[in-house]
Structures are given as C-alpha cells and as structure tokens.
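What you see is a predicted model, and the numbers here were worked out from it, not measured in a lab.
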Amino acid sequence: MYSLREVNPMLRGIRVSPQWALQRRSEQITALLQQGEQKPFKEVIDISSGDSHRTGIKPISFVRQVLSVCLYPELLHDDTLPVDVRQRAQRLLGECDGGSVGSYTDSCGLPHVQRSVAEFITGRDGGVPSYPHNIFISAGSQTALKVMLKLLVRGKGVSQTGVLTPQPCPHTLPMLLEEVGAVLVPYQLSEEQGWALEPGELHRALTASRGHCRPRALYISNPGIPTGHVQSRKSIEWVIQFAAEERLFLLVNEVYQDCVYGEGMEFMSYKRVLFEMGQQYSEMVELASFHSISNGIMGECGLRAGYMELVNVDPAVMVFAKTLLCTDINAPVIGQIALEIMVNPPRPGDPSHSKYTQSDGLEADVLYSQSLLDKEGVCVGAGCEQREDKYHIRLCVLTPSATLEKVLACLGSFHLHFLDQFSQHA
C-alpha cells in the first residue's frame, strides 16, 4: 500500500470521531505542561469518557486480589488474603486448561463464565431463563456488536443494510457502522422529554430511509449513552412491538444497567420485558443484548471483556457468530475472570462482601470542548450529533466528587466567557 489509493475504499470513508482529536489535543497539552510550558491551568482534567480508573476512581479490591492470585498462584498460600479471594481464584484456575490463565479458552469463553453469566441474567430477569449456549464472551461489548453487525450487513444501494441509530449515540458507533458497511439511519431522541425515545420519531426515520437502504436492525442503549435516559416498561414494550411489526433485529446495549440512580427510575432489561409480553413476541423478536466490565461499577476498561446474549436467533446463524469470534481466538482470560466476578460478586456473609459493596471548520460543540481544554485544561466529550441547532457536551460522572466540583467551578466561569467571546461573532 504505497499510497492512499491502495487502502480499502470502505476504510477511507470512515469518519473519525471528534472525540479522538480532542484526546490527542489533551495529550499534547499534558506533554507541554510537563515540559514547563505555562498555561492558565496546571493540569488537564479529562472527564470526556467512561474510563473511570483514568479519572482516579480506584479499582475494586476483590477483583484485583482474585486476579493477582490467578496470575501468581503462589498467593493461594498467602494467609493475608481473604479466604474467599483464594477460594474464588482456585476455582477459576481449575476452569483454565493447565490451571493457568495463560492458556487459550473456547472462542465463546470459559464454559464456567458462560454459566455464571446465564445465572446472573436469570436472577436479574426474575426467573426468565438464560442458557449458557446463548452466551458469547468477547473482548468487550463493541467486539460482540461488530460480530452481530457483520452477520446482518448485506446488499448494496437501496438493499444495503440500514441500522436505526439514536442521536446522540456512543461516539464510536458511527465509525463501527461504516467499518462493517452498514448505513446509519438516524432517529432523534427528545431532549425536551429527558432524551426519551418517541414512537413517532422511529416511524419517521424508518419512512425516510426507504429508497436509500434496507433497515434490518434497531440499535438501542438503555440506560442511554451518552444521555443516561432510562426507558420505562411501556417504552420498551412499544419498541419491541415496533421491531416485531417491521421485522427489525434488536441490538440492545445495556452496559450501564447497574448505574441507575434517578428517583423512581428502575432498569428493566429488554429480554425480561420481551418474555413477559407473551409468545406473540417472546418467540418471534430477535434480540442481542450486550454488557461489559468496562462500564458501571467495575470500570475495568483495559481488561477487555464483555458478553452478548442471543435470543430467538437461528442455531445455524449462531454457528457463524462463534466462527467470527474465532478470528480473535478468545477474549483475554483475565478479563473473563473479572467478568465472572461482576456477574457473581461476593455474597452477604463472605469475608470480602462488605468491602466489595463500598466501591464507588469545527462544529460548535467541538469548538466549545476544544476551547475548554485549551483555556481550563478540562477535556470533555463532544460530537453528540443530534440536530443542526442543538449542541451538547458529555462528561463522565464516574469521577471523584472533588474532581467534579473542580470541573463545575471551571465550567461556570468558562461558559460565560465563551458566550461573551463568540456572541460578538454571531
């Protein structure tokens, strides 16, 4: 590939997320500060993504203790570690070939981890059964989503697969859709209604896509990314009915299911609602749901592990899902162990339980975020494409409270200065 012309045309057309440019600029400013360059701030505060450990949130002790023992089994004899830590590590090492986390696993994950995930889902969903053979362990939820998209994408022109996608959405999703050759079909979330999904908007988006592509899937994140909106049961039921009527495959990102704090809010999984709607839907609507150790209470972004559960998918199709996962060999074993702990945490009465539960031209938005980074050293997320006259920034609340207070203080003075500066150019 001696020139750009030789690069895959599909890859050349991928739009880079504005967030990446802000991250690079953040790293450049940090380097300049370390070299002694004077700025109006002493450090860059990056709260642009859900990488909670990067912001200073400490990892969960039980997770790191179990991982340490699995990596160095001699610690099984270390009496300074809680007994449930050593017991869990010994059990998990027994599930690894050769008793070592350095061995390969099945491409769909360790069978023990698959069983633990299935038990977690069954308990979460009030007894709606989940089966290990429907669980696929991957190197993060994004990898599993890519597998499903590759299975769904086909056709060209008006028959090319379209994916109904919320606006705003995770900033990596548009790039992923372009990578696999899918058409992004945008539907707008209602900011005025707390970023809710409105039925009429899905119908509008579907109608507008006809003649341009063939919508075959509907992507949902619940709780919403980056909005935080939590869908009600009534909203989920309507989406399922819509998917059934239009024969759409549901791709449901539920990675923040453990982070619902709003008064009167409750997370309800799409699978549970689907099965409680009766056989008309529970045996018909195809669903893939995703969860990950990168988000929520774990925040173990670097360990790379997540799972996908497939519902009502033809077994012959599931074979190809496993085949695609084989190209990555298997998810990192250390990540799989962390995933097992996430779905099967210490129970009341276990020595580690009490400690475990204590864990805590630029577009206008890009211009604002870049200016905030340059002037105050605060890196937030940008690029939440929604409507032409609406702009937003996103920040991660999985950040120490002292840091958030510092950020809010910076934002107050900066915002007034920014409005004063750019209103003069309006």
Indicate whether the side chain of Glu309 and that of Ser130 have a donor and an acceptor atom separated by less than 3.5 Å. yes
Looking at Lys234 and Glu237, is any side-chain nitrogen of the basic one under 4.0 Å from a carboxylate oxygen of the acidic one? no
Is there a side-chain contact between Leu145 and Asn253, using heavy atoms and a 4.5 Å cut-off? no
Under the salt bridge (charged side-chain N to carboxylate O under 4.0 Å, His left out) test, residues paired with Arg210 that sit two or more places apart: Glu246
Could you give the distance from CD1 (Ile225) to CD (Glu254), rounded to the nearest 0.5 Å? 10.5 Å
With sequence neighbours left out, the residues meeting side chain to side chain contact (heavy atoms under 4.5 Å, CB included) with Ala338 are Val63, Ile293, Met298, Leu303
Between Glu300 and Arg64, does any side-chain N to carboxylate O distance fall below 4.0 Å? yes
Would you check if there is a donor-acceptor pair between the side chains of Asp350 and Ser352 at a distance under 3.5 Å? no
Ring centers of Phe62, His353 separated by less than 6.0 Å: no
Can you confirm whether the side chains of Ser269 and Gln257 place a donor and an acceptor under 3.5 Å from each other? no
Begin from the C-alpha positions of Arg204 and Glu201 and carry the test salt bridge (charged side-chain N to carboxylate O under 4.0 Å, His left out) through to its verdict. CA-CA 5 Å; Arg204 181 209 61 78; Glu201 175 58 18; 2.6 Å; yes
Is it true that atom CZ of Arg115 has more than 12 heavy atoms of other residues, nucleotides or ligands lying nearer than 6.0 Å? yes
For Pro332 against Arg304, the heavy-atom pair lying closest together: CD-O, 3.4 Å
Distance check, rounded to the nearest 0.5 Å: Leu149 atom CG versus Thr161 atom OG1? 9.5 Å
In Å and rounded to the nearest 0.5 Å, what is the CG to CD1 distance from Leu67 to Ile341? 5.5 Å
Across all chains, not counting sequence neighbours, the side chain to side chain contact (heavy atoms under 4.5 Å, CB included) partners of Gln160 are Val183
Spatial distance of atom CD (Gln241) from atom OH (Tyr281) [nearest 0.5 Å]: 4.0 Å
Tell me yes or no: between the side chains of Tyr270 and Gln231, is some donor less than 3.5 Å from an acceptor? yes
Distance-only side-chain donor-acceptor flag, Thr227 / Arg394, under 3.5 Å: no
Step through it carefully: locate the ring centre of Tyr187, locate the ring centre of Tyr219, and say whether they are under 6.0 Å apart. no
Any salt bridge between Arg25 and Asp374, counting N to O under 4.0 Å? yes
